[in-house]
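First up is the structure itself, then whatever we jot down about it.
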Amino acid sequence: MTRVEKRILIVDDDRDFVEATQAFLEANGFTVLKAHNGKDGVKLAKMERPDLILMDIMMDERTEGFFTIQEMRRQEELKGVPIFVISSLYTEMPDFDNPPDRAWLAHDEFLAKPVDMVQLVEKIRQRIGQPA
């Protein structure tokens with residue numbers, strides 16, 4: 001039987017966050033793909049079709065992640081891929097009191113930075129299962 005590793009794509013411009021998250025996910029048996037902006041994230045997601053995507057909102061542009069998620073949801077090959085938003089949106093903009101609307105943003109989970117890595121892995125496993 002062939003082992004199939006669960007692949008997670010991280011799309012975030014904070015390289016320290018990406019590296020730390022990658023190390024933690026890999027230590028828990030996941031394979032990690034990474035992109036540091038929305039455009040590269042969409043391209044990599046279409047090419048590699050990850051099992052789950054971790055998406056930041058505020059990258060080069062404050063709303064880049066919103067539009068990246070919308071673009072990913074328009075791609076037929078990515079429609080079923082869960083997207084977890086991991087953002088400091090509420091930390092950096094405490095007056096932003098609108099919770100993300102799933103109908104508009106089309107995400108599967110929203111986690112605030114700084115994220116609890118153990119909780120993140122738990123939520124990933126609940127959504128896509130254990131790494132093989």
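Throughout, numbering of the chain's residues begins at 1 and tracks the sequence. From a predicted model like this one, the values you see are computed outputs, not experimental measurements.
- In this structure, L52 and F30 have side chains that are not in contact, with every pair of non-hydrogen atoms separated by 4.5 Å or more.
- Hydrophobic clustering (side-chain heavy atoms under 4.5 Å, transitive across Ile, Leu, Val, Met, Phe, Trp, Tyr) keeps V32 apart from M72.
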Original post:
Under the side-chain contact (heavy atoms from CB on, under 4.5 Å) criterion, do V11 and N37 qualify, and how do the steps go?
Top reply: CA-CA 6 Å; V11 183; N37 62 58; over 6 Å; no

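- Contact annotation: the side chain of D108 approaches that of R127 to within less than 4.5 Å [non-hydrogen atoms, C-beta and beyond].
- By the 4.5 Å heavy-atom criterion applied to side chains, V85 and I69 are counted as neighbours.
- Residues satisfying the side chain to side chain donor-acceptor pair (under 3.5 Å) test with D56, not counting sequence neighbours, are none.
- Classification of E71 and R74 as a salt-bridged pair holds, one side-chain N sitting under 4.0 Å from a carboxylate O.
- Here the shortest heavy-atom pairing between P50 and A45 reads CD-O, 3.6 Å.
- Closest of all the heavy-atom pairs between G38 and T68 is CA-OG1, 3.2 Å.
- With rounding to the nearest 0.5 Å, the separation of CD in E26 from CD in E5 is 9.5 Å.
- Applying the salt bridge (charged side-chain N to carboxylate O under 4.0 Å, His left out) criterion to E19, with sequence neighbours excluded, gives K34.
- The shortest distance between side-chain heavy atoms of D12 and H36 does not fall below 4.5 Å.
- The CG atom of D14 sits 11.5 Å away from atom CE of M59, with the distance rounded to the nearest 0.5 Å.
- The only option from I53, L25, L33 that meets the side chain to side chain contact (heavy atoms under 4.5 Å, CB included) definition with I10 turns out to be L25.
- At a threshold of 4.5 Å between non-hydrogen side-chain atoms, the residues R73 and L78 do not count as touching.
- Residues L120 and F24 are not in side-chain contact: their nearest non-hydrogen atoms beyond the backbone lie 4.5 Å or more apart.
- The cluster map of Ile, Leu, Val, Met, Phe, Trp and Tyr, joined by side-chain heavy atoms under 4.5 Å apart, puts V42 and I83 in the same cluster.
- The cationic group of K123 does not satisfy the cation-pi geometry with F84, failing either the under 6.0 Å distance to the six-membered ring centre or the 45° limit from the ring axis.
- Considering only heavy atoms from C-beta on, I86 stays 4.5 Å or farther from F110 through its side chain.
- Between S88 and M58 there is a side-chain heavy-atom pair separated by less than 4.5 Å.
- The line from CD of E109 to CD of Q119 is 8.0 Å long, rounded to the nearest 0.5 Å.
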Original post:
What's the verdict on side-chain contact (heavy atoms from CB on, under 4.5 Å) for V115 and L111, showing C-alpha distance, side-chain angles and the deciding distance?
Top reply: CA-CA 6 Å; V115 68; L111 300 163; 4.0 Å; yes

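- Legend: residues meeting salt bridge (charged side-chain N to carboxylate O under 4.0 Å, His left out) with R49, ordered by chain and number and at least two apart, are absent.
- Hydrophobic clustering (ILVMFWY, side-chain heavy atoms < 4.5 Å, transitive): M47 and L54 are in distinct clusters.
- A chain of hydrophobic side-chain contacts below 4.5 Å, direct or via other Ile, Leu, Val, Met, Phe, Trp or Tyr residues, connects L44 to M55.
- In this structure, D60 and D13 approach most closely via the heavy-atom pair N-OD2, 3.7 Å.
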**OP:** Let me see the working for I8 and T31 under side-chain contact (heavy atoms from CB on, under 4.5 Å), right down to the final yes or no.
**Re:** CA-CA 6 Å; I8 311 294; T31 298; over 6 Å; no

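- Of all heavy-atom pairs between E64 and K39, the closest is OE2-N, 4.4 Å.
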